[in-house]
Protein chains: 2
Amino acid sequence: MAKPGRPSTISDVAALASVSVGTASKALNGSGSLRPETRQRVMDAAARLGFRPNAAARALNEGRTYTVGMITTDSIGRFSIPILIGAEDALGAGRMSVFLCDARDDPIREEYYLRTLLGRRVDGIIVTGRRSQARPPIAADQPVPVVYAFISSADERDCSVVPDEVGGAAKAVEHLLAVGRRRIAHVTGPEHHHSAQVRAAAARARLTDDGLDFAVPALFGEWSEQWGRQAVSLLLASGTAFDAVFCGSDQIARGVADGLHAVGMRVPDDVALVGFDNWSVMALACRPPLTSVDMDLEGIGRVAANLLLAAINGEPAPGRHTHPCRLVVRESTAAPPGLAPRP
Amino acid sequence: MAKPGRPSTISDVAALASVSVGTASKALNGSGSLRPETRQRVMDAAARLGFRPNAAARALNEGRTYTVGMITTDSIGRFSIPILIGAEDALGAGRMSVFLCDARDDPIREEYYLRTLLGRRVDGIIVTGRRSQARPPIAADQPVPVVYAFISSADERDCSVVPDEVGGAAKAVEHLLAVGRRRIAHVTGPEHHHSAQVRAAAARARLTDDGLDFAVPALFGEWSEQWGRQAVSLLLASGTAFDAVFCGSDQIARGVADGLHAVGMRVPDDVALVGFDNWSVMALACRPPLTSVDMDLEGIGRVAANLLLAAINGEPAPGRHTHPCRLVVRESTAAPPGLAPRP
DNA sequence: GAAACTTAGGCAATCGGTTTCCAGCAGGCT
DNA sequence: AGCCTGCTGGAAACCGATTGCCTAAGTTTC
């Protein structure tokens, strides 16, 4: 087994097996032509010494490091984590290791990390971060492939993987229609936020397809429970009846749920509720548990990693790739007792 | 600037500056004795080619990779992230890069990652993960220093950095006493969970110091809002009056807050509330915002990283290091109007 | 004017593996 | 018996950078 002290080298193995280093290398890699007996002797020696080939030495003549860099532009947060996990998963399967870099929305740090990664000769780079707008490309003409995950590059030719928010919002509305709701309101984040805009527009478009519109014009605010509670007051003040609220985030939805309870309206009997993000802490703690749109961030991470691997192997897939959202149905949109779902 | 294509090597730089590679190396590292003019010529050439020294080549003869591995034993979660950020921060300052490995509570994966990291000749390893018990050492006799963060190694001689949960619980109780509460209840997670036990015992011990005890014996359940709500019913059913609840987590605290509201008890006027974790999503969304014990996970990550750096530099600090918790006071423990805080 | 000394910069070994080329030896064939 | 072929395994170049040693100048000194 491995002993503490200097890790053993292939020379140690060769010496122990009484062969040259070249032969030892061939034995360990299954290349060259050696007698099975010799091969075995080398393998045994390697096992006895706990030999692990030095990755740096390998990288040196192979020209590949089997390493990728992952830069999160904003600080590592709730959205980056699942992406990170997904990517790490897909890359680990390809025997690649991940360098984690947290750029914290600081261009200086980003530049520093980029240079570090290139110095380490990573085979590729994944850029991720909270998504509000497409971001400027990390730097022009990198010597290695770059894939953007969740966030997208402003340069259309760069490879980005983003959630299909349009599809997700449409699914949410479709589901509400399917459970018989017609007077649907929408409460979401700040109007200047890309996701808020896109989701609102997509939801409305889906309603239009059925000849409907929001019961009340979309309410833009912030991504907080607080705002969700406030929004309920605004909805009630509008005087318009509504039987469902599609929310731009689970946090908002939870606030809405609280607000509705406070005035004695029942979910889902009086008002059905759909959130966005499927953030389990929120969606499951909500009473009743919240139906929500899941962007499958882990899937996005995996896809991004696989696109990166493909690019590293010389098959780049430039352009913006959208990844489907899925709807996770829970009790907050259960059909009220007397109301049959639409056929 | 860097051109896409093969990254330039020191030979390229040397050729462009019309010197030998050895001289180029000396010029770039400020070693040897060279004419300032020559030095400058090399620097210019390097800049023009966007030269970045190959880290693998450097690692090869320096014997150090300026790289550490970070293994999260459970899946990367809410607790690992701040630790990760703190460690990454401290290590980045030391020009080290971090390999991220997600072992998902799977010993096979853990073993695989460990071997990978050793193959990459990392200078050290940080092991982290959700904390329920001390864990078995990652493997005996590693050739590189290992530091455990948050989680701790069962081997006392290993270097671990853990939150001072005892001190944290004591601070929570002390604060409640300071704002005039005397009938304190405790609602926490599962009894078999190490943190639940430790916090409960420490809180009780602190009460004993003042000649008090829990108003109601500690309630063990699970780490969920749901349980917090249930616990309120149990507290009320006990028939014992209480003017404060110290909760084992912010999620539980939020459940308790909800439960109290539901029966018309006011926070903090009737009952003061303290949580644990200071998980901002929970603590701030709670109404009113929640006073909570902060384990300073980011600080733990930083300390662990610095201990690792010290160990790498030949100054190991074996043993279990506790890191202080701090109490973040918010409105849930504001002194009720008519009640002056204890002097 | 020559010896001693300083200085600038080249040469080559080194780190740990991989890979190509080649030598030596055994066996088969004519 | 001699030649050819095939199988083994060794020697050495190479990847990119660092560093110690050494030499060829130029400078100082007697």
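Letters A, B, ... are given to chains in the order of the sequence lines, protein chains preceding strands, and every chain is numbered from 1. Atom set for the values below is all heavy atoms of this structure, side chains included, hydrogens, waters and symmetry mates excluded.
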- [ ] For A:Gly22 and for A:Arg35, find the nucleotide of DNA chain D with the closest heavy atom, then tell me which residue's nucleotide is more 5'.
- [x] A:Arg35
Open item on the list: Looking at B:Gly92, is its backbone amide N or carbonyl O close enough to the side chain of B:Arg95 to form a donor-acceptor pair, meaning the two atoms are under 3.5 Å apart?
Closed with: no
Open item on the list: Expressed as a whole number of angstroms, how long is the span from B:Asn54:CG to C:dG16:C1'?
Closed with: 14 Å
- [ ] Using whole Å, report how far CD of B:Glu62 lies from P of C:dG16.
- [x] 13 Å
Task: Donor + acceptor pair across side chains of A:Thr67, B:Arg120 (<3.5 Å) - done: yes
- [ ] Provide the start and end nucleotides, 5' to 3', of the part of DNA chain D that has atoms under 4.0 Å from heavy atoms of chain B.
- [x] D:dG16 to D:dG20
Open item on the list: What contact category does B:Thr9 fall into here, base, sugar-phosphate, or nothing, at under 4.0 angstrom with non-hydrogen atoms?
Closed with: sugar-phosphate
- [ ] Would you give the length of the straight line joining atom CG of B:Asp102 to atom CG of A:Asp89, rounded to the nearest 0.5 angstrom?
- [x] 8.0 Å
TODO: Taking the side chain as every heavy atom from C-beta outward, state whether A:Asp158 and A:Arg320 have any pair of such atoms under 4.5 Å apart.
DONE: no
Task: Listed nucleotide nearest any side-chain atom of A:Ser25, set C:dG17, C:dT18, C:dG9 - done: C:dT18
Open item on the list: What is the separation between atom CG on A:Leu28 and atom P on C:dG17, rounded to the nearest whole Å?
Closed with: 9 Å
Task: Distance-only polar pair, side chains of A:Glu165 and A:Ser195, donor-acceptor under 3.5 Å - done: yes
- [ ] Grab the CZ-P distance between B:Arg58 and C:dG16 for me, whole Å please.
- [x] 18 Å
Task: Residue pair A:Ile10, A:Ser25: steps toward the side chain to side chain contact (heavy atoms under 4.5 Å, CB included) verdict - done: CA-CA 7 Å; A:Ile10 200 168; A:Ser25 174; 3.8 Å; yes
Open item on the list: Under 4.0 Å, counting only non-hydrogen atoms across every strand here, what does B:Ser31 touch: a base, just sugar-phosphate, or nothing?
Closed with: nothing
- [ ] Please figure out whether A:Ser8 or B:Arg39 has its closest DNA chain C nucleotide nearer the 5' end.
- [x] B:Arg39
Task: Position toward the 5' end of DNA chain C (nearest nucleotide), B:Leu60 or B:Arg41 - done: B:Arg41
Open item on the list: Just to be sure I understand the rule, does A:Arg64 reach a base, reach only the sugar-phosphate, or reach nothing, if contact means heavy atoms closer than 4.0 Å?
Closed with: nothing
Task: Flag for A:His323-A:Asp164: side-chain donor and acceptor within less than 3.5 Å - done: no
Open item on the list: Just N and O in the side chain of B:Arg121: are any of them under 4.0 Å from OP1 or OP2 of C:dG17?
Closed with: yes
